[in-house]
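In what follows, a single structure is set out as structure tokens and then discussed.
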Amino acid sequence: MKNFRAITLLLLLGLLAVSCAPLRLGVVPAGEISNRCLPTFPDRDGWYGGDGAYSISLDGKRSLWLFGDTFVSEEKGRKDRIGMEVVLGTTLGISTCSDDQKFSIRFYLKKTNGKFASFFGGNQWLWPQDPFITDGVLYIPLLMIRPLPGPKRPFQFEIAGHIIARIKDYSAENPNDWPVDYLDWTGAIAPGIEALAAASVVHGRYVYFYPLYKPAKKGAFTHGNLLARLPVNRLENPAGHLEYWTDDGWQKNITPDNIKMIFSPGLSELSVRYSAKDDEWLAVYLSPEDRGRRLLYRTSRHPEGPWSPPAVLIPSIDEVDPKSPLYHPQTFCYAGKEHRQFARGRDLVATYVCNSLEDIDDQESFLRKNLFLYRPVVRLLKR
């Protein structure tokens, strides 16, 4: 349950020191919010909270939402998660906006032998990353997780591979009716990359990724996000065709000495999206320091950069602010990203997720007792 995104944030606590200038933000009038199709994530269809919350517009009407390890229950109207099961892997939902700007989401939880199960991978433990669509085909990058032997403790697992779920026809209303096949990219990815698709974007005839890279360099631990790209006509067979942005331009082989960090320290999740109105790329993410205290952004004219210094979107996240009634000393926040399909003009719709360092099996934990944790928090930011 304490997943890869959580690990990265914990490793980075206190490591990021940035001087952040505020974005031109304004207070969004209550009336404007009421007239907006803004995401919400109610407890329904057996879904009682998940992290990740990557999204992608499927056809201009429907958006796909992908969640990591998820609390599930057959019982409706639960007020807590005590005794609740957890699906290890991926769950998903489909959202729509009505003509009168009402947001609606349905969670499509899969069952195997009468029990809730991960949507992808059968018995495999697969976490979702940033999906993308090219040439009418939906691709969902997935991290393969492998438990490690030894005494039970938090984070007792490792990233074992990279799987891509390929969906050539996603027209059916129910995702359970979508045909899915899988591509194994594990052997095609450079050593040291732990999460290829922390962010993904299709640009021209390439898919660009911002992988989390964590190699050992001269006895020291260095980490950050690189930039990788793959031609769209090589998605089925990427071996030998992935390129990485380095100090010497695009290269197919990388080492700790020639890599070019785009974002440092590393981010396990973020969004990178192009704004046609501003003719710039915008990266949105939650700061790794202070347990995810701030939502930050950076801009660039090109995917490769140069990227602007980090600047503030949200100066203080309530769930990790000791002055907030939502605060708990074991809480940390992560998975910050924007969702461009819900924006208007130059505003931003962003989400983040807050989790707990407590033992997930402790039925009296703050996380189990409080449903507001471990679900996407939505923020509308006016520029």
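Pairs of residues two or more places apart, or lying in two chains, that qualify as ring pair (Phe, Tyr, Trp, His ring centres under 6.0 Å) and include a residue from residues 299-328 are F263-W307, H328-F366. Screening residues 234-309 for disulfide (SG to SG under 2.5 Å) gives no qualifying pairs among residues at least two apart or on separate chains. Evaluation of the disulfide (SG to SG under 2.5 Å) test over residues 45-149, restricted to residues two or more places apart or in two chains, returns C37-C97.
Side chain of R294 to backbone of P288: no donor-acceptor contact under 3.5 angstrom is found. In this structure a side-chain-to-backbone donor-acceptor pair under 3.5 Å is missing from R340 to I56. Judged purely by atom type and a 3.5 angstrom limit, Q363 uses its side chain to pair as donor or acceptor with the backbone of D361. Listed for the D59 side chain is a donor-acceptor partner under 3.5 Å among the backbone atoms of K61. No donor-acceptor distance shorter than 3.5 angstrom exists from the side chain of N370 to the backbone of L373, with no hydrogens or angles considered. At least one donor-acceptor pair closer than 3.5 Å links the side chain of N225 to the backbone N or O of Y210. The backbone N or O of W250 lies less than 3.5 Å from no partner atom in the side chain of T246, so there is not a single donor-acceptor pair. Formation of a donor-acceptor pair under 3.5 Å by the H162 side chain with backbone atoms of L196 is found in this model. Remark: side-chain polar atoms of Y170 are not paired, donor with acceptor, to backbone N or O of P179 under 3.5 angstrom. Distance alone, capped at 3.5 Å, places no donor-acceptor pair between the R379 side chain and the L313 backbone.
By the 4.5 Å heavy-atom criterion applied to side chains, D69 and Y374 are counted as neighbours. Side-chain contact between W65 and H339: present, with at least one pair of heavy atoms (C-beta onward) separated by less than 4.5 Å. Side-chain contact between I159 and I145 is present, with at least one heavy-atom pair separated by less than 4.5 Å. Contact of the V349 side chain with the E338 side chain is not registered, since no non-hydrogen atoms from C-beta on lie closer than 4.5 Å. Side chains of L230 and L235 form a contact here, defined as non-hydrogen atoms less than 4.5 Å apart. The shortest distance between side-chain heavy atoms of L282 and V272 does not fall below 4.5 Å. Here the side chains of K260 and L227 are not in contact, with every heavy-atom distance at 4.5 Å or above. Taking the side chain as every heavy atom from C-beta outward, P310 and L296 approach each other to under 4.5 Å.
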(Q) With side chain to side chain donor-acceptor pair (under 3.5 Å) as the criterion, how do S300 and E280 come out once you've worked through the C-alpha distance, each side chain's angles and the decisive distance to 0.1 Å? (A) CA-CA 6 Å; S300 174; E280 66 181 11; over 6 Å; no
Q. Please walk me through it: do R344 and D347 pass salt bridge (Lys or Arg N to Asp or Glu O under 4.0 Å)?
A. CA-CA 6 Å; R344 287 182 185 171; D347 63 8; over 6 Å; no
Q.
Between S275 and W281, is the side chain to side chain donor-acceptor pair (under 3.5 Å) condition met? List the steps.
A. CA-CA 6 Å; S275 171; W281 296 86; over 6 Å; no
Q. Taking it one step at a time, do D43 and R375 satisfy salt bridge (Lys or Arg N to Asp or Glu O under 4.0 Å)?
A. CA-CA 10 Å; D43 298 322; R375 69 179 60 242; 2.6 Å; yes
Q.
Checking E289 against S287 for the side chain to side chain donor-acceptor pair (under 3.5 Å) test, could you report, in this order, the C-alpha distance in whole Å, the side-chain angles of both residues, the deciding distance, and whether it holds?
A. CA-CA 6 Å; E289 98 282 6; S287 59; 3.2 Å; yes
Q: Go through R229 and E243 one step at a time and tell me if the salt bridge (Lys or Arg N to Asp or Glu O under 4.0 Å) criterion holds.
A: CA-CA 5 Å; R229 72 179 187 181; E243 296 179 310; 2.8 Å; yes
(Q) Run the side chain to side chain contact (heavy atoms under 4.5 Å, CB included) test on D51 and T70 for me, step by step, so that the C-alpha distance in whole Å, both residues' side-chain angles and the decisive distance to 0.1 Å come before the verdict. (A) CA-CA 7 Å; D51 66 355; T70 302; over 6 Å; no
Q: Step by step, work out the side chain to side chain contact (heavy atoms under 4.5 Å, CB included) result for L126 and L143.
A: CA-CA 5 Å; L126 301 175; L143 290 174; over 6 Å; no
Q) Under the salt bridge (Lys or Arg N to Asp or Glu O under 4.0 Å) criterion, do R273 and D130 qualify, and how do the steps go? A) CA-CA 11 Å; R273 300 293 184 259; D130 199 6; 3.1 Å; yes
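Shown here are the side chain to side chain contact (heavy atoms under 4.5 Å, CB included) partners of D135, two or more places apart in sequence or in another chain: R205, V232. Annotation: side chain to side chain contact (heavy atoms under 4.5 Å, CB included) contacts of A276 (sequence neighbours excluded): Y274. Applying the salt bridge (charged side-chain N to carboxylate O under 4.0 Å, His left out) criterion to D321, with sequence neighbours excluded, gives R293. Applying the salt bridge (charged side-chain N to carboxylate O under 4.0 Å, His left out) rule to D248 yields no partners; only residues at least two apart in sequence or on another chain are considered. Every side chain to side chain contact (heavy atoms under 4.5 Å, CB included) that R166 has, sequence neighbours left out, goes to V137, Y139, K168, D181, L183, E236. Not counting sequence neighbours, the partners of V180 by the side chain to side chain contact (heavy atoms under 4.5 Å, CB included) test are F120, A165, I167, Y182. Here S171 pairs with D169 under the side-chain hydrogen bond (donor to acceptor under 3.5 Å, both in side chains) rule; sequence neighbours left out. With sequence neighbours excluded, no residue forms a salt bridge (charged side-chain N to carboxylate O under 4.0 Å, His left out) with E319. Contacts of D80 classified as salt bridge (charged side-chain N to carboxylate O under 4.0 Å, His left out), with partners at least two apart in sequence or in another chain: R78.
The shortest heavy-atom contact between N253 and N258 is O-ND2, 3.4 Å.
A cation-pi arrangement is present between R81 and F71 under the rule of less than 6.0 angstrom and at most 45 degrees off the ring axis. A cation-pi arrangement is found for K337 relative to Y54, the charged atom lying closer than 6.0 Å to the ring centre and inside a 45° cone about the ring normal.
Centroid-to-centroid, the aromatic rings of F332 and Y334 come within less than 6.0 Å.
Taken to the nearest 0.5 Å, the CD1 atom of I94 stands 5.0 Å off from the CG atom of L58. The OH atom of Y48 lies 8.5 Å from the NZ atom of K79; values are rounded to the nearest 0.5 Å. The CD1 atom of I189 sits 8.5 Å away from atom CG of D184, with the distance rounded to the nearest 0.5 Å.
By the 30° and 60° cut-offs, the orientation of the rings of F67 relative to F41 is perpendicular.
The number of heavy atoms from other shown groups lying within 6.0 Å of CG (N174) is above 12.
In this structure, V86 is not a member of the same hydrophobic cluster as I82, with clusters built from ILVMFWY side-chain heavy atoms closer than 4.5 Å.
A salt bridge links K369 to E364: one of the charged nitrogens lies within less than 4.0 Å of a carboxylate oxygen.
Partner of P131 under the side-chain contact (heavy atoms from CB on, under 4.5 Å) criterion, chosen from L142, I164, L66, L92: L66.
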